[in-house]
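Only heavy atoms go into these numbers, but all of them, side chains included; no hydrogens, no water, no symmetry mates.
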2 protein chains.
Amino acid sequence: MVVTLRDVARAAGVSPATASRALSAPDLVAPARREHVQQVARDLGYRPNRAARELITGRTGNLCLVVPDLENPFFAAVAKGVQARARALGFALLVADAEEDPRLESELVGHLGAQVDGVILCSPRMADAALDRLGRDVLDDDVPLLLVNRLHSGLPSVVIDNADGVRQAVTHLYALGHRRIGYAGGPVGSWSDAQRRRGLEHASHGLRSVEVVDLGHFPPLFGGGVAAGDLVAASGVTAVLAHNDLLALGILSRLRARGVRVPEDVSVVGYDDIPAATLVSPALTTVTVPLARLGRAAVDLLIEAGSVPTAAESALAAALTAAERTRHPAPAITIGDIGAGAVPPSVLIGVELVVRASTGVAPAQSSAAGG
Amino acid sequence: MVVTLRDVARAAGVSPATASRALSAPDLVAPARREHVQQVARDLGYRPNRAARELITGRTGNLCLVVPDLENPFFAAVAKGVQARARALGFALLVADAEEDPRLESELVGHLGAQVDGVILCSPRMADAALDRLGRDVLDDDVPLLLVNRLHSGLPSVVIDNADGVRQAVTHLYALGHRRIGYAGGPVGSWSDAQRRRGLEHASHGLRSVEVVDLGHFPPLFGGGVAAGDLVAASGVTAVLAHNDLLALGILSRLRARGVRVPEDVSVVGYDDIPAATLVSPALTTVTVPLARLGRAAVDLLIEAGSVPTAAESALAAALTAAERTRHPAPAITIGDIGAGAVPPSVLIGVELVVRASTGVAPAQSSAAGG
DNA sequence: TCGATGGATGAATGCGATTTCAGCACGGCC
DNA sequence: GGCCGTGCTGAAATCGCATTCATCCATCGA
């Protein structure tokens with residue numbers, strides 16, 4: 001029923017060894033014979049058995065992506081980029097949703113890591129110690145692990161320039177006259193949140209008489225913005241920077257519900273620039289992150305860092321790769337050591353503030369500014 | 001370095017055969033010895049080699065999901081449901097993004113189908129003929145193919161009750177006094193669009209003096225709604241039903257930009273109930289589709305229809321399955337033949353209209369209603 | 001007490017591809 | 001002319017596991 005390499009060999013009148021070589025190491029076989037075998041293979045509709053190949057070569061041709069929540073537009077966008085690049089390079093992609101659960105993350109990496117050539121772990125919620133363990137014990141040594149949106153000593157990673165993002169946002173608000181600026185943070189323990197807080201502090205130090213009000217930690221979801229919105233109203237800030245867009249949208253919604261006008265009374269800035277940011281009114285001023293590029297860069301770096309041989313066995317895959325590379329040339333990214341003692345190569349993805357309608361000049365006099 | 005079954009066998013003082021049985025056919029080996037082998041395997045950190053197992057059993061433990069666009073919240077939600085159920089049943093999930101390209105769809109199913117135990121094809125854009133070919137030529141006979149959101153003779157499928165959805169929507173609008181109702185359709189050739197048109201026609205026949213105005217076909221994206229919005233304004237309808245929420249949101253946005261008030265001047269109804277539907281103002285009245293359930297049902301039916309033995313080899317997977325089943329009991333769905341000559345089992349997922357702020361009573365007198 | 005029965009075990013085989021290793025033919029070089 | 005390298009090819013081993021088949025031993029029934 002199913003045609004195997006032996007069948008091809010027999011039909012072509014050569015040994016299985018030669019047939020194998022003709023297909024996967026063409027220069028080892030005489031041109032005429034090679035062509036013939038390839039033709040026969042095509043005619044017979046031969047499809048190499050991946051399991052058999054994997055058994056002996058040890059490579060699966062699969063990559064794996066673990067995200068906290070597939071439905072979150074941030075991760076969906078990253079996943080799309082990762083998937084596209086993986087396919088272009090001849091890899092299939094296993095996708096797993098960790099449901100925001102640190103333990104499930106480890107478990108998934110452990111399970112899936114055993115059957116792939118590389119793992120991309122996006123925005124891991126797990127603690128540093130768990131991350132250490134992953135690299136050391138859980139994964140085979142020849143399965144590279146790459147982090148997205150998190151920096152960890154000893155692991156290659158692709159991160160966005162959080163500090164610069166908040167700097168741009170705060171500078172923008174400062175220029176609009178805001179002096180008391182709230183920060184609605186992400187979950188406790190979130191690495192990117194810590195990054196942004198640090199960037200925020202640093203940026204505000206550079207600006208005269210700017211006060212940053214920490215509104216606390218919130219789930220980075222629309223629902224989290226409701227609680228945050230009330231705190232915004234109560235805190236007397238004239239502007240708020242949210243950990244991400246979903247949170248910002250929730251704040252927007254809550255403020256409107258309470259009769260607080262945006263941007264007349266309060267300005268709101270998000271982070272990520274998810275599609276929904278432009279769907280609301282007022283459209284959200286936010287820090288745009290090239291998420292698809294992030295995903296593509298992750299795959300590229302994973303392949304490179306892990307020196308995973310691309311499974312570009314088929315001419316198709318090769319062609320796709322070329323096309324993909326052309327359409328998406330190497331992004332303008334910084335490569336190198338970006339702190340935290342990261343020895344393996346890391347890529348820093350630049351971000352950009354997009355000003356929309358949710359930010360405006362600060363109200364004339366903030367009552368909370370003190371008499 | 002890596003511990004194999006032989007190692008376990010040697011360490012436990014049994015033959016590889018017994019070790020194999022102790023782990024994957026426990027009742028064939030004496031209790032004491034079984035326990036011992038299992039303990040040794042645990043101690044040694046034995047992880048069965050999937051490739052070897054696959055090579056001999058022919059099963060991969062992987063399923064595959066192909067969607068037109070991972071970033072589309074509709075498909076993201078389905079993917080999440082599929083992934084969750086697949087994992088609960090012990091399967092890993094390969095996800096592929098077909099980029100709305102019918103040819104790429106076929107290609108992906110062909111490529112990935114060779115390395116999975118079953119394929120779920122969601123909202124295929126390809127023609128019926130291509131779908132036929134998939135089932136016949138492209139896939140191995142033992143790799144079941146299941147459709148989501150599309151019905152096709154000879155293939156099992158999970159579909160949503162499109163006709164009932166539009167019926168509910170139209171009835172709602174009728175009750176609000178609307179008589180001229182526009183329909184902003186999905187892409188040409190979209191199966192679900194055809195379904196909804198049919199349901200629309202049928203529903204409107206049952207309502208006195210209702211006129212349905214076909215506004216044409218649009219890309220089911222926010223951008224498509226801009227063009228559609230202008231047509232809504234020009235057509236003199238007092239209400240519009242959009243093919244999906246993204247389109248509806250685009251219409252909403254365009255109408256606002258043109259100074260048309262929603263719902264005072266025009267009512268808008270979406271379809272799918274994506275998260276963004278509640279983020280906008282006015283919040284979108286829409287037909288809510290239980291997308292995660294849709295995904296779970298797809299996996300269940302695929303396993304069942306293809307009689308794919310669940311890879312619930314580990315106790316963990318089994319436990320997860322039980323837990324998952326408990327948390328998500330069998331949905332209230334209709335199983336059976338639902339037309340189009342579908343012989344394999346198909347599941348029909350019920351939908352429900354959720355009324356929010358984008359629909360209201362029809363304006364007193366529509367000028368387009370004629371003298 | 002002996003043969004039949006059946007449960008538990010081990011040796012051997014095969015899944016389908018890759019990859020040594022050895023062999024063969026040919027050509028160049030001394 | 002003989003020797004050696006070079007270029008191709010085929011036989012066979014291998015990857016790790018499941019499974020068939022044969023064996024063995026204990027137990028039961030007569």
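Here the side chain of A:D117 pairs a donor or acceptor atom with the backbone of A:G61 at under 3.5 angstrom. Checked by atom type and distance alone, the side chain of B:N49 pairs as donor or acceptor with a backbone atom of B:A52 at under 3.5 Å. For the pair A:E105 (side chain) and A:R125 (backbone), a donor-acceptor distance under 3.5 Å is present.
Applying the side-chain contact (heavy atoms from CB on, under 4.5 Å) test between A:R85 and each of A:R293, A:K80, A:R296 identifies A:R296 as the sole match. Partner of A:I120 under the side-chain contact (heavy atoms from CB on, under 4.5 Å) criterion, out of A:L302, A:V158, A:V67: A:L302 alone. Checked against A:D300 for a side-chain contact (heavy atoms from CB on, under 4.5 Å), the options A:L146, A:V347, A:L89 give a single hit: A:L89. Looking at B:L155, B:V109, B:L147 one by one, the single match for side-chain contact (heavy atoms from CB on, under 4.5 Å) with B:L134 turns out to be B:V109.
For DNA chain C, the neighbouring residues in residues 32-46 of chain B, judged by any heavy atom under 4.0 Å, are B:R33.
One interatomic measurement links the two molecules: CZ of A:R6 to C1' of D:dA12, which rounds to 11 Å at whole-angstrom precision. With rounding to whole Å, B:R47 atom CZ is found 12 Å from D:dC17 atom P. Between A:Q115 atom CD and D:dG16 atom C1' the separation is 16 Å, expressed in whole Å. Summarising the geometry, the separation between CZ on B:R53 and P on D:dC17 is reported as 8 Å, rounded to the nearest angstrom.
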A:V95 and B:L93: side-chain contact (heavy atoms from CB on, under 4.5 Å), yes or no, with the steps? CA-CA 6 Å; A:V95 175; B:L93 184 69; 5.9 Å; no
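The residue among B:I56 and B:V29 whose nearest nucleotide of DNA chain C is located toward the 5' end is B:V29. Each of A:P31 and A:P16 has a nearest nucleotide on DNA chain D; the 5'-most of these lies closest to A:P31. Positionally, the nearest nucleotide of DNA chain D for A:V14 lies more toward the 5' end than for the other of B:L55 and A:V14.
Residue A:T18 places at least one side-chain N or O under 4.0 Å from the OP1 or OP2 atom of D:dG10.
Under the side chain to side chain contact (heavy atoms under 4.5 Å, CB included) criterion, A:V3 pairs with A:D7, A:V8, A:L44, A:Y46, sequence neighbours left out. Checked against side chain to side chain contact (heavy atoms under 4.5 Å, CB included), A:D43 has the following partners two or more places apart in sequence or in another chain: A:Q39.
Classification of A:R136 and A:D141 as a salt-bridged pair fails, no side-chain N sitting under 4.0 Å from a carboxylate O. Between A:E54 and A:R59, none of the side-chain N atoms (NZ, or NE/NH1/NH2) sits under 4.0 Å from a carboxylate O, so this pair counts as no salt bridge. In summary, A:R87 and B:E99 engage in a salt bridge, as defined by a charged side-chain N under 4.0 Å from a carboxylate O.
For the helix from C:dT1-D:dA30 to C:dC30-D:dG1, the terminal axes (five pairs an end, C1' atoms, rotation from four pairs onto the next four) enclose an angle of 50°, given to 10 degrees.
Base engagement by A:L5 is indicated by at least one non-hydrogen atom pair under 4.0 Å involving a base atom. If you check every strand for non-hydrogen atoms under 4.0 Å, B:T4 touches sugar and phosphate atoms only.
Heavy-atom contacts of chain A under 4.0 Å fall on DNA chain C between two terminal nucleotides, which in 5' to 3' order are C:dG16 to C:dT20.
The closest side-chain heavy-atom distance from A:S106 to A:M126 is below 4.5 Å.
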Can you pull every protein N or O that's under 3.5 Å from an N or O on nucleotides 20-23 of chain D?
{"residue": "D:dT20", "atom": "O4", "partner": "B:R21", "partner atom": "NH1", "Å": "3.4"}

